[in-house]
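Because only heavy atoms are used, hydrogens play no part in the values below, and waters and symmetry mates are left out as well, while side chains stay in. All residue numbers refer to positions in the sequence shown, counting from 1. Treat the numbers as computed from the prediction; the structure is a model and nothing was measured. Both ligands and their constituent atoms are indexed starting at 1 by order of listing.
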Amino acid sequence: MSNPSLLILAGDGIGPEVMAQVQRIIGWYGDKRGLNFDVSEDLVGGAAYDAHGTPLHDDTMAKAQAVDAVLLGAVGGPKYDDLDFSVKPERGLLRLRKEMDLFANLRPAQCFDALSEFSSLKTELVSGLDIMIVRELTSGVYFGEPRGIFEEGNQRVGINTQRYTEAEIERGARAAFELAMKRDKRLCSMEKANVMESGILWREVVTEVSKDYPEVALSHMYADNGAMQLVRAPKQFDVIYTDNLFGDILSDCAAMLTGSLGMLPSASLGAPMENGRPKALYEPVHGSAPDITGQCKANPSACILSFAMALRYSFDQGAEADRLEAAVEKVLADGVRTADLMQANDGTPVSTTEMGDAILAALDASL
Ligand code: IPM
Ligand code: MG
């Protein structure tokens, strides 16, 4: 049987730096656990624009469709701010999500014990925090038509459309309920049913799907209240299911609660392929961080933890994912810190590579 295939799209900014550490982790799994992957690499975002004049070449899109999982670093940077909207680095990422039909975006917001003091909230509000946000990723206002900037009388009007079909709401809801079943069996669905018809439909469909998951306690919340509750008492949540735009905002909010944006991974999953594995793309939640690019300062943990999610959700290697997550936690508990995990006068931070060294050493020690 051939090895599972991975396409690495390191992208822009710190993407290549953090991905280099993921490559070492992948190598470790081959050497030490006999888990070999066929790894190929390609360009996305600004890097692809520089090479091809497009943020995602058709050949790269075809490769992404053919592999078992895509690992993405980050896209974007100030250099590309003035590009036409249609070729901005972010369009490359959005095209991958749309054409691979990655409808379920899993964004865990987990507070690492060793880092709880970094949260902007009081430690007791966040210690032990473990939320899973499931964001619908292929529809809603990100993709709805009509969209554009149009002339209307003597002025221009900018239009985007929030649009959800029942099927789109339902498939994401099923993914969220399945996750809730493996966790604390609580699901909170967030929309704006008080002002939006798409929210009314959202609530109806999620309620209907819940009949298939009687063990899961379902609640509904308006998304604005959800934002407030996330900063008031975040531990009330287990799984949150919400739409593309609310999910974008609420997941940034939840990420910041943990105090460790540089630590958070994500998975974007689609329908199962012929081999039974879901279409999948894994990426850190942090962006391209142009301010520290090229300085070997970036924290590779979020990207490494994204590979852990790949082990769990694409390759059925839950125990190996646990091993990798435990290795990262061990390194934090030992006080190893990249610059983003330090406060002023906290000593000397380790480099990106040294963080990779420490995680590899913790993996070795786990054998
Ligand atoms: C995210 C990002 C993207 C989004 C951008 C880069 C297109 O903010 O993944 O949350 O808005 O979805
Ligand atoms: Mg975002």
Side-chain angles (χ1 to χ4, degrees), residues 9-15 18-19 43-49 54-56 61 64 70-109 131-144 147 158 160-164 168 172 190 223 226-227 230 240-258 260-270 279-291 293 298 302-303 305-306 309-310:
L9 303 174
D12 306 324
I14 59 170
V18 294
M19 199 59 90
L43 303 172
V44 70
Y49 178 81
T54 163
L56 189 74
M61 187 66 240
V70 177
L71 305 181
L72 189 134
V75 295
K79 183 178 163 192
Y80 308 103
D81 279 353
D82 296 329
L83 284 185
D84 186 75
F85 190 69
S86 64
V87 289
K88 276 200 186 295
E90 292 78 8
R91 303 307 304 175
L93 177 57
L94 293 171
R95 181 175 175 201
L96 283 163
R97 290 174 179 172
K98 187 68 180 172
E99 291 192 21
M100 291 170 75
D101 204 15
L102 305 171
F103 59 85
N105 182 208
L106 279 45
R107 298 192 163 189
I131 300 175
M132 177 68 87
I133 296 189
V134 180
R135 167 189 177 192
E136 196 293 322
L137 201 60
T138 52
S139 185
V141 77
Y142 271 57
F143 298 99
R147 66 181 298 163
N160 291 92
T161 302
Q162 167 81 333
R163 178 180 192 277
Y164 269 106
E168 287 167 341
M190 295 188 187
L230 269 174
I240 292 173
Y241 176 47
T242 191
D243 78 15
N244 205 343
L245 182 61
F246 294 142
D248 181 46
I249 297 166
L250 294 169
S251 65
D252 263 22
C253 175
M256 201 59 227
L257 294 180
T258 69
S260 37
L261 195 54
M263 299 295 307
L264 296 179
S266 76
S268 303
L269 306 177
K279 284 255 179 195
L281 180 147
Y282 299 88
E283 58 177 315
V285 169
H286 63 68
S288 58
D291 52 322
T293 295
C303 206
L305 291 171
S306 299
M309 289 188 90

Evaluate the side-chain contact (heavy atoms from CB on, under 4.5 Å) criterion for residues Q162 and L245: first the C-alpha distance (whole Å), next the side-chain angles of each, then the deciding distance (0.1 Å), finally the verdict.
CA-CA 9 Å; Q162 167 81 333; L245 182 61; 5.6 Å; no
Kindly determine whether E283 and L71 satisfy side-chain contact (heavy atoms from CB on, under 4.5 Å), including the steps that lead there.
CA-CA 6 Å; E283 58 177 315; L71 305 181; over 6 Å; no
Under the side-chain contact (heavy atoms from CB on, under 4.5 Å) criterion, do N244 and R135 qualify, and how do the steps go?
CA-CA 6 Å; N244 205 343; R135 167 189 177 192; 2.8 Å; yes
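Nearest protein neighbour of atom 11 (O) of ligand 1, counting heavy atoms only, is Y142 OH, 2.5 Å. For atom 2 (C) of ligand 1, the closest heavy atom belonging to the protein is D248 OD1, 4.0 Å.
Taking every non-hydrogen atom of E90 and a distance limit under 4.0 Å, the qualifying atoms of ligand 1 come out as 6 (C), 7 (C).
Shown are L96, L9, L137, N105; of these, the side chain to side chain contact (heavy atoms under 4.5 Å, CB included) with L281 is made only by L96.
Residue R107 places at least one N or O, backbone or side chain, under 3.5 Å from an N or O of ligand 1. The shortest N or O to N or O distance between E283 and ligand 1 is not under 3.5 Å.
More than 12 non-hydrogen atoms from other residues, nucleotides or ligands lie less than 6.0 angstrom from CG of D291.
K88 places a side-chain N or O within donor-acceptor distance of the main-chain N or O of D81, the cut-off being under 3.5 Å.
One of the N, O or S atoms belonging to D248 lies under 2.8 Å away from the Mg ion (ligand 2).
R147 forms no cation-pi arrangement with F85, by the criterion of a distance under 6.0 Å to the ring centre and an angle within 45° of the ring axis.
The shell of residues lying under 4.0 angstrom from ligand 1, judged by heavy atoms, excludes K88. Within the structure, ligand 1 lacks H286 among the residues with a heavy atom less than 4.0 angstrom away. Using 4.0 Å as the threshold, R97 has a heavy atom nearer than that to some atom of ligand 1.
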